[in-house]
2 protein chains.
Amino acid sequence: MVASTLSEVARLAGVSPATASRVLNGSARTPGQDIAERVRAAAESLGYIPNAQAQGLAKSSSGLIGLIVHDIADPYFAAIARGVQEAAREQGRMVLLATTAGAPADEREAVAAFAARRADSIVIAGSRSARPEDGEGNTELAAELDRYCRNGGQVAVVGHAVVGASSTEGYHVVPVPNEDLAAELAAELAVSRDDDFVIIGGPAGLFTSDDRVRGFQRGLADAGLPPAEIVRTGFNRSGGFDAGVALAARIKASPEAGDTSGYAKRTCIFAVNDVMAIGAAAALRSEGLRIPRDATIAGFDDIETLRDFRPALSTVHLPLEEIGRQATRRAAGMIGEEAAPSTITGHVTLRRSTEGVLPSEGISRMLPTDS
Amino acid sequence: MVASTLSEVARLAGVSPATASRVLNGSARTPGQDIAERVRAAAESLGYIPNAQAQGLAKSSSGLIGLIVHDIADPYFAAIARGVQEAAREQGRMVLLATTAGAPADEREAVAAFAARRADSIVIAGSRSARPEDGEGNTELAAELDRYCRNGGQVAVVGHAVVGASSTEGYHVVPVPNEDLAAELAAELAVSRDDDFVIIGGPAGLFTSDDRVRGFQRGLADAGLPPAEIVRTGFNRSGGFDAGVALAARIKASPEAGDTSGYAKRTCIFAVNDVMAIGAAAALRSEGLRIPRDATIAGFDDIETLRDFRPALSTVHLPLEEIGRQATRRAAGMIGEEAAPSTITGHVTLRRSTEGVLPSEGISRMLPTDS
DNA sequence: CATCAGTGGGAATGCGCTTTCCCAACTCGC
DNA sequence: GCGAGTTGGGAAAGCGCATTCCCACTGATG
């Protein structure tokens with residue numbers, strides 16, 4: 001990467017590098033009209049492109065925002081990334097991407113790499129975890145973040161704080177009301193239902209999953225229902241599929257006929273995110289079960305690409321893009337912490353996948369499906 | 001962003017900055033054991049993180065890969081981005097993201113920004129366009145890329161070369177066999193069918209769309225069928241939806257009864273990408289039409305998140321992740337141009353959305369659906 | 001014992017830019 | 001018309017690091 005330099009431009013324009021610098025970048029001092037014109041012409045003719053590395057070095061700031069996600073191809077993260085990207089653009093910065101599959105060790109490495117590049121701020125979108133095997137990794141990640149913040153860096157993390165992070169200056173958390181929303185979802189599903197509730201959760205210790213599980217159980221309890229059974233599996237589509245296969249076997253093994261109350265009890269499945277729900281639905285289908293006839297299912301996130309899924313998936317809408325945007329703005333100091341402590345809200349969106357369909361149940365709410 | 005510097009480490013270790021630099025980064029010369037240990041200890045205790053900007057400036061290379069996509073939340077680009085990210089990791093580089101919505105002016109700007117950051121290579125994933133309104137923008141983009149290449153940069157573009165780019169040193173294209181695969185799809189769909197074929201295409205001038213349209217028509221022609229009508233719309237889900245609404249009206253307006261041949265002619269819709277197909281399918285459904293009973297539909301890309309869509313979407317599988325990987329490797333000079341001119345292959349994947357279902361047609365191939 | 005290649009460390013230069021400081025020329029007011 | 005204030009440009013000192021060159025010292029060789 002060779003390219004013409006500022007001094008070359010300056011020489012061609014017959015001015016000093018200082019002057020060239022002043023006209024080519026918005027300095028406080030603006031040289032005279034004629035000189036400015038000469039310099040600009042020289043720059044143009046030389047195809048001058050400022051060296052951002054050198055600029056960064058001189059100004060000690062890079063115009064970079066580091067973004068950490070588990071997997072950029074996961075629609076959840078992709079949506080957040082879009083928001084981050086958008087906010088970055090507003091700020092005139094560029095985003096530096098790192099994918100870590102949720103491994104704290106990789107995340108630590110990514111933070112170090114961002115720090116090395118002197119990123120102005122870091123946004124961590126990946127769900128936090130408190131799993132025992134992540135303990136050491138989390139500690140090191142927290143230490144790395146701490147160091148980054150001490151050096152003046154800004155960190156925003158989505159959902160939960162990193163385990164062990166002492167909230168120093170420059171450390172922000174964008175809270176996501178996972179628990180409350182899950183409770184709300186449970187409440188809505190519990191209305192005039194007495195289905196068997198089952199939760200397909202991610203690995204224990206994954207905060208996002210745990211919050212949603214806890215919230216759902218709370219909602220059930222508030223409705224006077226017993227806690228749902230929890231099936232733990234991978235936090236992705238294939239995890240949902242596996243769980244779905246297992247559940248399908250059980251649903252088929254306990255036919256309605258066995259029910260003493262005289263009418264069918266359906267299984268209502270709550271998968272802690274949409275892609276898991278889709279996986280589970282696919283599994284049920286492949287086992288010959290129909291939704292919502294033989295079982296109902298709900299997810300979480302309201303992934304855009306899944307909106308046209310059939311049967312339309314009941315879920316909890318989360319403003320993912322806004323979450324990304326807000327995290328990015330917060331890390332840039334554009335949102336006062338105290339001014340707006342938490343502005344992320346979602347809402348339960350019931351669609352066909354949890355509709356009541358059994359005549360014997362005596363209830364059949366027709367819920368609107370969008371578009 | 002302040003942080004401890006190399007000289008601080010050197011001073012603490014009681015050596016010169018030169019020596020510290022040699023031990024802390026894989027230099028050709030390796031200082032003695034004891035000294036190295038002292039330096040490493042000093043660095044550790046100071047929490048030293050090398051300043052990548054300064055390193056880049058000194059070595060004139062940045063370890064950065066620029067990635068240009070239309071929209072990172074679009075699953076097509078997200079999948080490619082995953083491949084790019086993966087390959088970047090292999091190379092020990094980081095990826096810098098830019099989204100442009102396909103506007104050449106924005107793309108030019110992104111290239112300039114990457115050049116300013118002295119990115120080692122640039123991967124352009126967005127589909128190229130030859131629309132008249134993009135003419136000027138394309139010229140400027142080509143010029144910018146040219147300059148970047150002349151300065152030693154490496155560019156890889158997915159699909160088609162940028163319009164007007166003179167293929168200088170360091171300019172690579174990863175060809176995607178859109179046309180051939182579309183022809184193949186048409187051929188498969190044309191087998192023992194005499195449906196009315198309709199193509200939902202993107203804006204004229206968008207290469208990816210045009211290639212697929214052209215290929216599909218060729219496949220139809222090769223099968224002895226007349227060319228399909230083309231409906232042009234936006235290259236995204238909502239475009240597909242709009243087109244679907246229009247088509248639904250027509251399908252409903254021309255009932256089977258009107259057919260002189262005595263049996264029903266279905267409309268077979270080819271949408272030039274999966275999300276458009278999904279949009280169209282949603283529109284048909286909302287108009288009360290069923291797929292594949294009242295119309296069949298096929299897409300292109302085989303987006304992972306859409307695999308569980310119902311009815312399962314016939315499409316053309318493209319190894320998106322591999323495309324991203326390969327583009328990135330090529331730009332890094334890891335793949336000889338001549339050695340492997342084109343290794344991207346896809347395959348037609350027929351699923352339920354194009355199944356024959358009308359008894360009157362006398363044909364009802366049961367095609368396997370995956371999972 | 002003197003010379004020489006070889007080794008291991010440091011001084012110094014430069015990567016491309018920003019920014020402070022400095023100085024010449026100029027404008028203004030009395 | 002002259003000093004004070006102002007303007008506009010340049011010189012130079014870094015920003016943090018890699019790297020070339022140089023030097024002192026070692027052990028081997030004739």
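Everything quoted here is computed from the prediction, not taken from an experiment.
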[X], nearest nucleotide to its side chain (from [options]):
{"X": "B:Lys59", "options": "D:dA18, D:dC15, C:dG10", "value": "D:dA18"}
{"X": "A:Ala54", "options": "D:dG10, C:dG10, C:dC17", "value": "C:dC17"}
{"X": "A:Thr5", "options": "C:dA11, C:dG16, D:dA18", "value": "C:dG16"}
{"X": "B:Ser16", "options": "C:dA11, D:dC17, C:dG16", "value": "C:dA11"}

Open item on the list: Considering every strand and a 4.0 Å limit on heavy-atom distances, what is the contact class for B:Leu57: base, sugar-phosphate, or nothing?
Closed with: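 B:Leu57: base contact, heavy atoms under 4.0 Å.
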
Open item on the list: Categorize B:Pro17 for me: base, sugar-phosphate, or nothing, with a 4.0 angstrom heavy-atom threshold over every strand shown.
Closed with: nothing

Distance, rounded to the nearest Å, where [X] contributes [atom1] and [N] contributes [atom2]:
{"X": "B:Glu8", "N": "D:dC17", "atom1": "CD", "atom2": "C1'", "value": "13 Å"}
{"X": "A:Arg117", "N": "D:dC17", "atom1": "CZ", "atom2": "P", "value": "14 Å"}
{"X": "A:Ile49", "N": "C:dC15", "atom1": "CD1", "atom2": "P", "value": "19 Å"}
{"X": "A:Asp34", "N": "D:dG8", "atom1": "CG", "atom2": "P", "value": "10 Å"}
{"X": "A:Arg118", "N": "C:dT18", "atom1": "CZ", "atom2": "C1'", "value": "18 Å"}
{"X": "A:Leu6", "N": "D:dC15", "atom1": "CG", "atom2": "P", "value": "19 Å"}

Task: Over all atoms of both residues, closest heavy-atom pair of A:His160 and A:Val173 - done: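 Answer, listing the atom of A:His160 first, then A:Val173: C-CG1, 4.2 Å.
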
- [ ] Determine the minimum heavy-atom distance between B:Ala43 and B:Val9, stating which atoms define it.
- [x] N-CG1, 3.7 Å

Task: 5′-ward residue of the pair A:Ala58/B:Ala58 relative to DNA chain C - done: B:Ala58

Thinking salt bridges, do [X] and [Y] make one under a 4.0 Å N-O criterion?
{"X": "B:Glu144", "Y": "B:Arg147", "answer": "yes"}
{"X": "B:Arg128", "Y": "B:Glu107", "answer": "yes"}
{"X": "A:Arg325", "Y": "A:Glu90", "answer": "no"}

Below 4.0 Å: OP1/OP2 of [N] and any side-chain N or O of [X]:
{"X": "A:Asn51", "N": "C:dC15", "result": "no"}
{"X": "B:Ser21", "N": "D:dA18", "result": "yes"}
{"X": "B:Gln55", "N": "D:dC17", "result": "no"}
{"X": "B:Asn25", "N": "D:dC17", "result": "no"}

Task: Base D:dG8 paired with A:Arg22 side chain (donor-acceptor, <3.5 Å) - done: no

